[in-house]
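When a residue number appears, it is its place in the shown sequence, counting from 1. Computed from heavy atoms alone, side chains included, the values below leave out hydrogens, waters and symmetry copies. What you are looking at is a predicted structure, and each value in this text was computed from that prediction instead of being measured.
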Amino acid sequence: MEFKTIKGFRDILPDETATWQHLDREARRLLAAFGFRELKPPLLERTDLFSRSIGEETDIVAKEMYSFPDRKGRMLTLRPEATASVVRAYIQHRLYDEQPTQKLFTIGPMFRHERPQKGRFRQFHQIDVEIIGDPGPRSDAELIVVAMEFLRRLELAEVSLLINSLGCPACRPGFRTDLTRYLARRSDSLCGDCQRRADTNPLRVFDCKVPGCRQVVSDAPSILRFLCDDCQTHLSAVEEYLESLGISFHLNHKLVRGLDYYTRTAFEIQTDRLGSQNAILGGGRYDGLVKKLGGPDHPGIGFAIGVERLVTLLDEGQKKTPAVPELYIADLGPAAARSAFRWAHALRGCGIWVEISYDAKGLKAQMRKADRLRAKRVLIVGDDELAAGRGILRDMRTKAQREVDLDHVVETLKGEILSP
Ligand code: HAM
């Protein structure tokens, strides 16, 4: 029997992880400067946490969740996104008691049973960032700044920031009624799914990729015309904050999101370089969600970055060259092997990547191994060199060789490698 990863799931191999680590480091550094703290919720939660927050009528809840009963028959789900879990934790641990506004992030895998394609997986990773407890609009702008700044630091150009307002319970129903009426008159031109959505969740029609539906929504009413004064003022303030930092954006009234908890600000950052899965990240405000999940009436806003999509973009551009060993110690003879083992331990203790041979092999074989590992230098020590107290240090790039005093070899190498 041959075991392989299941469809839509994949191994991230050692050659790829350098980029992942780079992203992780940059994200953590940036988020710390903005005062975000890490929260690590479990991957498994009660199914109704997600159905209640994301919405029964969404594709995620209706078709894409990995849900199953546990041994006691309770329905559990592998998280399809992180916001619901972060909000659950905020309520469960009363994080708001400690500080009214919580700035949190979490990084890890999410699971959605979607049709796999380029940039779309069934297990994928997100960097999820949330501000819970602040009504905005400054926190809206700050979050968008975090997202844009992250991409800028990664030197990802050619991205577009799209912003919309999805209104609030006061003004969205008016838009919904108008849109439903508009779609009902054009029902024959909609795909089967959208004919159903036109009643249950009409905003979702904006997201449909079927040409007929795209044609219908091209002239659809704009939610921006229906915003109440408070939502309009909020949106204008977000725009002003972004403009004050010179961040350009497109106001796009057709931008909707695949999750039902959003109110007011919704945004996405897209690129042309990923084919149809063009969203690098998406997010928005969810002012009713904390209350809906049983907490106080606190507002929230957040976004999540799709890490696989970011890795693809980075790898196309400036691939991180994988790290290589600073030193390989080629030892010949039992006494030299023992010394090599000790020296390697001392240098590794200083954070230097050192490789040694694990079995007694000749010099040629060891030099071949050092070459394959792309070690920067090789220290060659046989029992004779050990007795004389002089080893040979070879620079693998220039091929230059010199003698080194083995009594002080750790200090010498440490100095050379750490402060070249
Ligand atoms: P989302 O738009 O569903 O939002 O996902 C955010 C990002 O995750 C997408 O823009 C995309 O880059 C990535 N992504 C989504 N599905 C897949 C997939 N199947 N394969 C690869 N990447 C994928 C959310 O998840 C919200 N929880 C974001 C949020 C946080 N809103 C408020 N706070």
For [X] and [Y], indicate whether the former's side chain and the latter's backbone hold a donor-acceptor pair under 3.5 Å.
X: R79; Y: P109; value: yes
X: Y182; Y: V216; value: yes
X: N164; Y: A266; value: no
X: Q195; Y: L190; value: yes
X: E114; Y: R120; value: no
X: D134; Y: G136; value: yes
X: T263; Y: D287; value: yes
X: D395; Y: T398; value: yes
X: S85; Y: P41; value: no
X: K399; Y: M396; value: yes

Contact between [X] and [Y] at the side-chain level, heavy atoms closer than 4.5 Å - yes or no?
X: R309; Y: F124; answer: no
X: L251; Y: L235; answer: yes
X: S53; Y: L293; answer: yes

Checklist entry - Can you name the closest pair of heavy atoms from P100 and Y90 and give their distance? => result O-OH, 3.7 Å
Taking atom [atom1] of [X] as the centre, report whether more than 12 heavy atoms of other residues, nucleotides or ligands fall under 6.0 Å from it.
X: R397; atom1: CZ; result: no
X: H408; atom1: NE2; result: no
X: Q215; atom1: CD; result: no
X: D229; atom1: CG; result: no
X: F68; atom1: CZ; result: yes
X: D407; atom1: CG; result: yes

Checklist outcome for this item: Separation between CZ (R377) and CD1 (I380), nearest 0.5 Å, reads 13.5 Å
Item to check | Candidate pair R138 and E142, rule side chain to side chain contact (heavy atoms under 4.5 Å, CB included), full reasoning | outcome: CA-CA 6 Å; R138 207 186 293 198; E142 184 171 278; 5.7 Å; no
Next on the checklist: I132 and side chain to side chain contact (heavy atoms under 4.5 Å, CB included): which single residue from V86, T101, L289 fits?
Outcome noted: V86
Next on the checklist: Check this for me, if you would: do E326 and K414 make a salt bridge, where the nitrogen-to-carboxylate-oxygen distance has to be below 4.0 angstrom?
Outcome noted: no
Checklist outcome for this item: ring pair (Phe, Tyr, Trp, His ring centres under 6.0 Å) pairs touching residues 231-279, sequence neighbours excluded, are Y261-Y286
So, [X] versus [Y]: side-chain donor-acceptor pair below 3.5 Å or not?
X: S160; Y: Q270; answer: no
X: T106; Y: D128; answer: no
X: S139; Y: R285; answer: yes

Checklist entry - Can you name the salt bridge (charged side-chain N to carboxylate O under 4.0 Å, His left out) partners of R214, sequence neighbours left out? => result none
Checklist entry - D24 and V307: side chain to side chain contact (heavy atoms under 4.5 Å, CB included), yes or no, with the steps? => result CA-CA 9 Å; D24 194 77; V307 179; over 6 Å; no
Next on the checklist: Ring centroids only, cut at 6.0 angstrom: are F121 and F9 within range, meaning strictly under it?
Outcome noted: no
